[in-house]
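Data first, discussion second: the structure below is written as structure tokens.
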Amino acid sequence: MKIRKNHVRKRYRYNVNRKTMNKTRKSTGKIKDPEMKKLWLEGKRVGTNFSEMGLASDPNKSVGVPNYKRERLEAVKIVNGLAEEALDEDELAALGSKSDKTETQKPKRGHVVQELEQMAIDRRSDPEFRLPKGVVKELSYFINKHKFNYKAMVADRRNHGQWTWRQFRLKIRRFMSIPEQFNEYLEQKKLPIDVKPDWPEYESDSEWK
């Protein structure tokens, strides 16, 4: 007795735009970085673009995973004097030509790597870093009430995040290192701008023992 198969009836979806669907399927995605977009060639594949620029999409293929078993076998052959016997003259010449090619071969657009390295050097780390408004509000409350007494901040009822004294010290110092946000706080308290308040800071590790 044959098993009867139930086939689902195929239906044409009239609400789907085939043109846009094919475009999205074939597209490789949008490049958000404007600098990288200038250096990217649209007519070429992703792998071709990467290889010509001297970059790698897969580090395992570019660097290669070391094969320790093969290395040890070759070392044993060299010790026993069997390496020369195992390889003929033609094979040795082929290996030499391959190594020469890998050494002399350079990417077509090798300047891209240098430009990217220079851009990374020029860009400062976190030039526009800002603390969230909620964190600024919390830190302002703790500074108003306890100034730089981190021990009292830990025991405060509004320490819902259960921050330790070191976390309080780190966050407050981070807050003070952002002049645009900390100067607003100083203006509200009518304190001199761009000057750290002259309050005693309880930061020694001895008092927490």
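Only heavy atoms go into these numbers, but all of them, side chains included; no hydrogens, no water, no symmetry mates. Numbers for residues simply follow the sequence, beginning at 1.
- Glu117 is linked by a salt bridge (Lys or Arg N to Asp or Glu O under 4.0 Å) to nothing, counting only residues two or more places apart in sequence or in another chain.
- The ring-ring contact (aromatic ring centres under 6.0 Å, His included) search around Phe182 returns Phe175, Tyr185, not counting sequence neighbours.
- Here the closest heavy-atom approach between residue Leu139 and residue Leu131 is recorded as CD1-CD1, 4.3 Å.
- Within 6.0 Å of the CD atom in Gln162, the count of heavy atoms belonging to other residues, nucleotides or ligands does not exceed 12.
- Distance CD1/Ile143 to CZ/Phe168: 10.5 Å, rounded to 0.5 Å.
- Leu39 and Arg109 get closest at one heavy-atom pair: O-NH1, 2.8 Å.
- Judged by distance alone, with hydrogens and angles left aside, the side-chain atoms of Glu184 form no donor-acceptor pair with the main-chain N or O of Gln181 at under 3.5 Å.
- Lys145 meets the salt bridge (Lys or Arg N to Asp or Glu O under 4.0 Å) test with Asp156; sequence neighbours excluded.
- Residues that satisfy the salt bridge (Lys or Arg N to Asp or Glu O under 4.0 Å) test with Lys189, not counting sequence neighbours, are absent from this structure.
- By the 4.0 Å N-to-carboxylate-O rule, Lys171 lies too far from Glu138 to be salt-bridged with it.
- Leu41 and Met36 end up in different hydrophobic clusters when Ile, Leu, Val, Met, Phe, Trp and Tyr side chains are linked at under 4.5 Å.
- Taken together through direct or relayed side-chain contacts under 4.5 Å among Ile, Leu, Val, Met, Phe, Trp and Tyr, Leu170 and Ile178 form parts of separate hydrophobic clusters.
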Between Val46 and Trp40, does a side-chain contact (heavy atoms from CB on, under 4.5 Å) hold up when you go through it step by step? CA-CA 9 Å; Val46 177; Trp40 195 266; 4.0 Å; yes
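- Listed by chain and number, the hydrophobic cluster partners of Val16 are Met21, where partners are ILVMFWY side chains within reach of under 4.5 Å, directly or through others.
- In the hydrophobic clustering of ILVMFWY residues, with side-chain heavy atoms under 4.5 Å counting as a link, Ile31 and Met53 come out together.
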Going through the distances and angles, do Val113 and Leu55 end up as a side-chain contact (heavy atoms from CB on, under 4.5 Å)?
CA-CA 7 Å; Val113 178; Leu55 304 173; 4.0 Å; yes
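- Here the CG-NZ distance, from Asn49 to Lys108, works out to 11.0 Å after rounding to the nearest 0.5 Å.
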With side-chain contact (heavy atoms from CB on, under 4.5 Å) as the test, would you mind laying out the steps for Lys137 and Ser140 before giving the verdict?
CA-CA 5 Å; Lys137 192 176 179 181; Ser140 302; 5.8 Å; no
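- Every pair passing side chain to side chain donor-acceptor pair (under 3.5 Å) that includes a residue from residues 10-21 is listed here, sequence neighbours excluded: Tyr12-Arg18.
- The two residues Leu186 and Pro192 come nearest to each other via the heavy atoms CD1-O, 3.6 Å.
- Of all the heavy atoms in Lys44 and Glu52, the pair that sits closest is NZ-OE2, 2.8 Å.
- Between the side chain of Asn183 and the backbone N or O of Ile193 there is no donor-acceptor pair closer than 3.5 Å.
- Between Ser177 and Pro179, the shortest heavy-atom contact is O-CD, 3.2 Å.
- Classification of the Trp163-Phe142 ring pair by plane angle, with boundaries at 30° and 60°, yields tilted.
- Placement of Leu191 and Val136 within a single hydrophobic cluster is found when ILVMFWY residues are connected by side-chain heavy-atom separations under 4.5 Å, directly or transitively.
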